[in-house]
Number of protein chains: 2
Amino acid sequence: MAKVKTHEEANRRTDLVRAAARLFREKGFERTTVRDIANAVGMQSGSIFYYFKSKEEILLVVMEEGLLLALQDQETALQGVNTAREKLRALMRAHLKTLLERGSDFIPVLLYEWKSLSEESQARIVNLRDRYEQSWNETLQALKDEGAIPTSVRITRLFVFGALNWTAQWYDPNLRLDIDGVADRALELFVR
Amino acid sequence: MAKVKTHEEANRRTDLVRAAARLFREKGFERTTVRDIANAVGMQSGSIFYYFKSKEEILLVVMEEGLLLALQDQETALQGVNTAREKLRALMRAHLKTLLERGSDFIPVLLYEWKSLSEESQARIVNLRDRYEQSWNETLQALKDEGAIPTSVRITRLFVFGALNWTAQWYDPNLRLDIDGVADRALELFVR
DNA sequence: CCTACCGATCGGTAGG
DNA sequence: CCTACCGATCGGTAGG
């Protein structure tokens with residue numbers, strides 16, 4: 001009996017995190033009220049605080065679980081890929097899928113609601129972020145050693161992240177160019 | 001007498017816009033209160049509404065005046081520059097200066113507080129934004145005609161904007177690399 | 001999880 | 001521009 005209740009609660013909690021992620025992405029953290037979130041899952045606003053101790057904790061969980069998912073996808077994407085160039089393509093594709101595919105609200109929230117996190121929460125996220133960047137650094141370093149990128153690994157990584165993350169502002173799934181196509185254009189731009 | 005008062009009022013209004021731009025950049029639009037803005041210029045919160053009809057109007061003015069300044073700087077930067085490659089370098093430098101130099105809070109606000117504008121206000125900004133992008137399109141098209149960029153003008157412009165705008169997240173004026181240096185790295189990346 | 005509520009804060013106004 | 005204020009909303013709590 002207690003087990004069942006735990007599972008139900010975990011599901012409701014997941015519902016809340018998903019709904020919050022979507023609302024945070026669409027309206028921003030500050031413009032989203034706990035009443036909005038509760039409403040989205042058919043709950044009373046006070047009940048939110050049975051699952052989370054504050055609104056900010058929801059934001060933290062959205063970012064944390066999102067990054068953990070992104071890390072998993074990254075690992076999967078690199079499975080069995082050998083050359084540095086193909087690794088970079090795989091990283092780009094995985095990154096864009098996390099960013100652009102329906103239901104992936106985590107990363108945009110991570111990018112745009114950073115300032116709404118307390119400093120303690122920011123520190124927890126930075127740690128995961130560093131892990132996420134590590135695969136990029138390794139791959140870019142290998143390309144650098146091959147002479148395939150002209151500038152430093154750090155600057156290249158920052159330019160790549162900028163170009164890819166900005167796609168969230170303009171990418172339209174209804175147009176001809178699909179997500180893998182965007183990744184391919186980025187690849188030919190950054191690697192020669 | 002009336003003239004003098006008008007000038008003083010214009011100055012106070014400018015003070016408010018500047019203070020608001022800085023606060024919007026640092027804390028975000030929603031987390032900045034009219035009391036914060038009034039306080040920053042030594043005014044009572046109610047007095048704000050002698051100068052602006054709403055908080056959102058302040059945001060609109062910040063973005064609008066910022067874009068007009070950016071357009072002026074862009075024009076100046078292109079004076080007497082002849083080759084397409086040098087034009088692109090000038091555009092990149094001007095863009096990064098607007099983005100990164102102290103006191104230039106407009107563009108970050110423009111980039112990150114877009115969703116806080118009403119649709120009517122967004123329409124007014126889009127118009128200016130299109131004008132700003134026009135010089136980029138012309139220059140990139142010239143480079144495309146020379147065979148100096150591998151992908152379409154639109155995609156290249158979006159990747160360039162992404163890479164450059166993202167610098168606001170990581171650029172540190174205390175490090176070795178100065179703003180023109182960032183522009184040069186971007187140039188060698190995007191133009192071959 | 002709900003009900004009922006509160007204290008704080010916020011954008012904005014009236015009247016001078 | 002200030003004073004004095006208001007109506008609405010918001011995050012969060014107590015008690016069940």
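Quick note on labels: first sequence line is chain A, next is B, and so on, each numbered from 1.
Atom pair A/Ile37:CD1 and D/dG12:C1' shows a separation of 13 Å (rounding to whole Å applied). Whole-Å rounding puts the A/Met43 CE to D/dG12 C1' distance at 16 Å. Rounded to a whole Å, the CZ atom of A/Arg35 is 14 Å from the P atom of C/dT3. Going from atom NZ of A/Lys55 over to atom C1' of C/dT9 covers 13 Å, rounded to whole Å. Following rounding to the nearest Å, A/Glu30 (CD) and D/dG11 (P) show an atom-to-atom distance of 9 Å. Across the protein-nucleic acid pair, B/Ile58 atom CD1 and C/dC10 atom C1' stand 14 Å apart, rounded to whole Å. Distance, B/Gln44 CD to C/dT13 C1': 15 Å, rounded to whole Å. Rounded to whole Å, atom C1' of D/dC10 lies 12 Å from atom CZ of A/Phe29.
Between B/Leu158 and A/Tyr171 the shortest side-chain heavy-atom distance does not fall below 4.5 Å. Considering only heavy atoms from C-beta on, B/Met63 comes within 4.5 Å of B/Val109 through its side chain.
Checking B/Gly46 against A/Arg31, the closest nucleotide of DNA chain D that is more toward the 5' end is the one next to B/Gly46.
Both tests pass for B/Arg129 against the ring of B/Trp114: distance under 6.0 Å to the centre and angle within 45° of the axis.
Using a 4.0 Å heavy-atom cutoff across all strands shown, A/Thr33 reaches sugar-phosphate atoms only and no base atom.
Side chain of A/Phe49, nearest nucleotide from C/dG11, D/dT13, C/dT3: D/dT13. Among C/dG12, C/dC2, D/dC1, the nucleotide with an atom closest to any side-chain atom of B/Arg12 is D/dC1.
Across all strands shown, C/dG16 pairs with D/dC1; the Watson-Crick or G-U wobble distances both stay below 3.5 Å.
No donor-acceptor contact under 3.5 angstrom links the side chains of A/His95 and A/Asp73, judged on distance only.
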